[in-house]
Amino acid sequence: MSARDNTGTALLNHWQRGVPVYREPVITRTLLFFAALATVGLTLALARFFSPLAPFSGMNDAYAWGIWKSFNVMTLTALGSGPLAVGMAAWVFSREKLHVVMRTALVSGFLFYATGLIALGFDVGRAWNFWNIILPWRWNVHSAMLEVAVCMPLYCAVFLGFENLPMVLERFYYTGSDVTRRSLQRWAPALRHIYPFMITGAYVLPLMHQSSLGGLLLLAGDKIDPIWQTPLLPLLYLIAAGMAGLGFVTFLLCMASLRYSRPLDIGVLSELGGLLSMMCFFFLAVRFGDLAWRGQLGAAFRFDRMSLVFLIEIALILVPAVVLRDRFARETPRTLLNMSILACLGGMFYRFVPTTIAFHPAPGSSYFPSVPELLISVGYIALGICGFGVTVKYFAVLPGEIKDWNHMFRLARELHGETVRT
């Protein structure tokens with residue numbers, strides 16, 4: 001079903017309706033706090049760009065990957081997999097209720113990927129050579145990093161960017177001049193024509209690079225503890241990304257409803273909770289099946305240091321898997337919020353452990369992130385929070401009631417004292 005203006009042009013879809021946060025100013029004390037953290041992190045990152053790695057990092061010859069890659073790339077991109085997980089559920093498995101939260105997933109995913117890619121520009125030794133990625137004849141086709149290096153920027157800049165385009169054009173349409181409206185009407189048919197192809201790429205590319213991030217760790221061989229080192233790492237990394245992505249979208253919707261006093265759609269949240277439970281159980285089934293197949297169940301329950309790390313990981317995932325099977329729990333906002341946090345932590349923990357805690361590159365070697373590393377990582381996270389806080393106030397991202405959706409930008413302009421055309 002489409003909303004149409006008086007010319008009959010299809011503008012947007014009811015199942016992706018959203019309403020900007022127009023009841024409070026854009027600049028708030030919370031935004032300024034996170035902006036200050038982002039400024040500190042980015043200032044240090046800029047200083048690192050013109051300096052060797054050593055003064056800013058605790059990395060060494062044994063641990064060539066520090067927290068910037070093991071956390072910012074390996075772990076946080078799992079939280080950015082909301083567009084993949086929610087989109088697959090909505091489009092492929094016909095969970096139509098989830099169309100209304102698609103924009104929330106898309107914006108959060110774009111911000112996670114964009115900040116992660118910015119981070120890569122500062123934590124590599126020769127960032128100025130990254131432009132070679134646009135020259136296929138200069139690719140190292142034998143590198144396991146090649147597919148990740150191609151897929152992640154392409155997915156973020158092209159496909160994920162295109163999926164976020166409707167809300168931007170929508171704002172221009174409703175707040176722009178007649179010339180702008182006529183121009184958008186002319187471009188609308190072409191955009192709708194290429195939309196199916198862009199959607200295909202938006203699902204194929206993250207399926208590729210999320211699994212490839214796990215595939216990279218296969219190269220470490222026995223340097224990774226056998227509880228985690230498995231040929232199924234690509235599959236498990238992909239499932240963990242879907243689990244963390246669903247959990248984060250659920251968490252984000254709950255927090256946005258609290259922060260901006262938005263109504264909670266219990267039906268949609270319950271749908272997300274049910275899917276999250278199934279994804280957790282699917283991960284656990286593959287995880288334990290893999291351990292049994294490789295004969296590592298004994299090691300997993302040996303109750304030594306690595307076994308305890310494994311049991312923490314399993315507990316973080318098992319609790320929401322079980323609790324969210326109950327309908328009453330899925331329809332209780334506090335419970336749903338807590339379980340989504342546990343699922344996010346479980347998915348992140350699984351993706352983080354093989355690159356750090358379970359990684360033993362050489363006897364006697366160790367790594368702990370330096371203060372600048374930690375501050376830079378916090379800065380990137382704060383930058384993403386600032387981006388989301390500003391975006392939801394300018395664009396129709398968060399789900400809204402239909403009465404607000406029908407007049408969303410009219411209401412916004414009235415509250416800002418602007419003249420409204422009748």
Side-chain angles (χ1 to χ4, degrees), residues 1-5 9-35 82-83 86 90 97-112 114 160-178 180-181 183-185 188 191 248-265 268-269 382-422:
M1 183 181 297
S2 298
R4 297 178 180 274
D5 63 358
T9 303
L11 301 175
L12 44 98
N13 296 294
H14 281 285
W15 36 260
Q16 280 194 352
R17 71 176 186 267
V19 179
V21 177
Y22 52 80
R23 293 185 177 92
E24 65 173 68
V26 175
I27 306 299
T28 62
R29 282 183 291 183
T30 302
L31 183 71
L32 291 175
F33 170 75
F34 284 108
V86 177
K97 288 183 179 180
L98 301 184
H99 282 298
V100 298
V101 300
M102 195 66 214
R103 287 189 177 182
T104 305
L106 289 169
V107 170
S108 63
F110 180 82
L111 290 172
F112 271 116
L160 199 50
F162 183 87
E163 285 191 289
N164 280 284
L165 187 62
M167 68 177 185
V168 178
L169 299 182
E170 178 182 282
R171 178 177 176 84
F172 285 140
Y173 185 92
Y174 281 107
T175 62
S177 64
D178 290 337
T180 301
R181 293 161 67 91
S183 177
L184 291 175
Q185 287 172 354
L191 293 175
F248 186 74
V249 172
T250 306
F251 164 79
L252 193 57
L253 288 167
C254 291
M255 291 303 296
S257 297
L258 290 173
R259 173 65 181 83
Y260 301 120
S261 301
R262 304 294 286 262
L264 281 166
D265 192 328
V268 172
L269 290 175
L383 180 62
I385 294 173
C386 290
F388 187 82
V390 172
T391 302
V392 298
K393 293 176 182 177
Y394 277 104
F395 302 103
V397 177
L398 297 173
E401 295 181 279
I402 190 67
K403 63 181 179 63
D404 283 344
W405 176 71
N406 284 332
H407 304 286
M408 53 189 167
F409 289 114
R410 179 182 297 273
L411 290 172
R413 294 175 70 178
E414 286 176 347
L415 288 173
H416 284 83
E418 299 178 17
T419 302
V420 180
R421 288 180 301 183
T422 57

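Across all non-hydrogen atoms, the minimal contact from L165 to L191 is CD2-CD2, 4.3 Å. Of all non-hydrogen atoms in Q185 and Y173, the two that sit nearest each other are NE2-OH, 3.0 Å. Of all non-hydrogen atoms in T391 and M167, the two that sit nearest each other are CG2-CE, 4.0 Å. The nearest pair of heavy atoms linking P399 to T104 is CD-OG1, 3.7 Å. For P83 against A105, the heavy-atom pair with the smallest separation is CG-O, 3.1 Å. In terms of heavy atoms, V392 sits closest to L398 at CG1-CG, 4.1 Å.
Remark: I27 pairs with L31, L32 by the side-chain contact (heavy atoms from CB on, under 4.5 Å) rule, at least two apart or across chains. The side-chain contact (heavy atoms from CB on, under 4.5 Å) search around F248 returns L79, S108, F112, F251, L252, C344, not counting sequence neighbours. Scored by the ring-ring contact (aromatic ring centres under 6.0 Å, His included) test, F34 finds no partners at all (sequence neighbours excluded). Listed by chain and residue number, nothing satisfies the ring-ring contact (aromatic ring centres under 6.0 Å, His included) test with F110 (two or more places apart in sequence, or in another chain). Partners of A35 according to the side-chain contact (heavy atoms from CB on, under 4.5 Å) rule, which considers only residues two or more places apart in sequence or in another chain, are C386. A search for side-chain hydrogen bond (donor to acceptor under 3.5 Å, both in side chains) contacts involving T180 returns S177, not counting sequence neighbours. Partners of L111 by side-chain contact (heavy atoms from CB on, under 4.5 Å), not counting sequence neighbours, listed by chain and number: V107, F388.
A salt bridge (Lys or Arg N to Asp or Glu O under 4.0 Å) check over residues 389-398, counting only residues at least two apart or in different chains, returns the pairs E24-K393.
Between L269 and D265 there is no side-chain heavy-atom pair separated by less than 4.5 Å.
Here the straight-line distance linking atom CG of L184 with atom CZ of F172 works out to 8.5 Å at 0.5 Å rounding.
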